[in-house]
Amino acid sequence: MTESITAATDGSPAAMAAVKWAADDAARRGLPLRIVHVVDRWPYGVAAFPPPDWADLAARAGEQVLTEAITVATKYRPDVRVTTELIEGSPAKVLREQVGTATELVIGSRGLGGFVGALLGSMVLHVAGHVPGTVVVVRADAGRPHGEIVVGVDGSAECEPALAYAFEQARLRGCALRAVHAWQRPVYGLIPEIPADIEEVHRFHQRMVRDKLGTWREKFPEVEVVEDVRSTHPVEALTDASARADLVVVGSRGMGAAGSVLLGSVSRGVLHHAHGPVAVVHS
Ligand SMILES: Nc1ncnc2c1ncn2[C@@H]1O[C@H](COP(=O)(O)OP(=O)(O)OP(=O)(O)O)[C@@H](O)[C@H]1O
Ligand SMILES: [Mg+2]
């Protein structure tokens, strides 16, 4: 695998924000940026429907999307080497393949389709967590920088690649890293709450986070780490922290996910509700 950052664009505002995010990241890492656009030859899934000159029209429109993207990227980040590629195929399938060939794939949270009020485009759930690799999902309305990266921590081995990615991002940006761990009291409908020493449970979770971060702190002594343990739902904790963060990093699934689930409910919830960019890191 050649090291490069890939941004996928359909020409939408969120995709343009993804291209800029990817250009920034490429500059930070000293990597080239590849911008791809996928043209679907059979947009109705029926061979009879596109008129005979459709493929040419679509390819020309696709080239225009790429020209706009490379113009924005090179003006925004003249220090990054940028190439473009027009790929024919089903967008979901092609983008999934892209995750495996790039260091990371950066996409917009929405595209040109969808419906009013939709929080996420279908591409996001098609690619995030489905193939080994990192997918970064960027929203159109990038706010001002906060100087903090957030990473979601649970007790599972799946969050190790997310920690590696988050520490590296914090180091590259000279940012603080907030390690958020949320735990919840069990909820029962009909029986009263099981008596427990809540303070002790909380301390147990704090110790887990401290242990989990130990070797990473040693490896990245320059990164300032904030351990943030909360008694609430993890999606709520991470969404709340995302309002003051430049990036939220999560693993593709954690402790609770069944073996067949590719994207855990926390990662999915964070993708839906986070206020800024989200990186889903799959081992
Ligand atoms: N044809 C494409 N080529 C390259 N990237 C694409 C293409 N379509 C979508 N993307 C990427 O996926 C992101 C999300 O778009 P997506 O298509 O999932 O959302 P949408 O158009 O709002 O909804 P829908 O799921 O109905 O298409 C875009 O911002 C872009 O980065
Ligand atoms: Mg779309």
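In this chain, residues are counted from 1 in sequence order. Note that ligands are numbered from 1 as they come in the structure, with each ligand's atoms numbered from 1 the same way.
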Task: Top protein contact for atom 3 (N) of ligand 1, by heavy-atom distance - done: Val38 N, 2.9 Å
Open item on the list: Please compare Gly111, Ala22, Ala92 and report which has the shortest non-hydrogen distance to atom 22 (O) of ligand 1.
Closed with: Gly111
Task: Closest protein heavy atom to atom 26 (O) of ligand 1, given as residue, atom name and distance to 0.1 Å - done: Gly114 N, 2.9 Å
Task: Per-atom contacts, ligand 1 versus Ser12 - under 4.0 Å to a heavy atom - done: 29 (O)
- [ ] For residues Ile35 and Val19, determine if any side-chain heavy atom of one lies less than 4.5 Å from a side-chain heavy atom of the other.
- [x] yes
Task: Partner set under ring-ring contact (aromatic ring centres under 6.0 Å, His included) for His37, not counting sequence neighbours - done: none
Which side-chain N or O atoms in residues 104-125 pair as donor and acceptor under 3.5 Å with protein atoms at least two apart or in another chain?
from: Glu104; atom 1: OE1; to: Arg29; atom 2: NH2; distance (Å): 2.9
from: Glu104; atom 1: OE1; to: Tyr165; atom 2: OH; distance (Å): 2.7
from: Arg110; atom 1: NH1; to: Ala118; atom 2: O; distance (Å): 3.0
from: Arg110; atom 1: NH2; to: Gly113; atom 2: O; distance (Å): 3.2

Open item on the list: I'd like to know if Arg60 pairs up with Glu63 as an ion pair, taking the criterion as any Lys NZ or Arg NE/NH1/NH2 lying under 4.0 Å from an Asp or Glu carboxylate oxygen.
Closed with: no
Open item on the list: Under 4.0 Å from a heavy atom of Ile107: which atoms of ligand 1 are those, numbered in the order shown and with their elements?
Closed with: 31 (O)
TODO: Please determine if Glu85 and Arg34 form a salt bridge, counting it only when a charged side-chain N lies under 4.0 Å from a carboxylate O.
DONE: yes
- [ ] Pick, from Gln98, Met123, Met16, Arg139, the option with the minimum heavy-atom distance to atom 18 (O) of ligand 1.
- [x] Met123
- [ ] Measure from atom 21 (O) of ligand 1 to every heavy atom in Ala15, Gly113, Ala140 and give the option owning the shortest one.
- [x] Gly113
Open item on the list: Tell me whether Gly108 has any N or O atom under 3.5 angstrom from an N or O of ligand 1.
Closed with: yes
- [ ] Answer yes or no: is there an ion pair linking Arg139 with Asp141, defined by an N-O contact shorter than 4.0 Å?
- [x] no
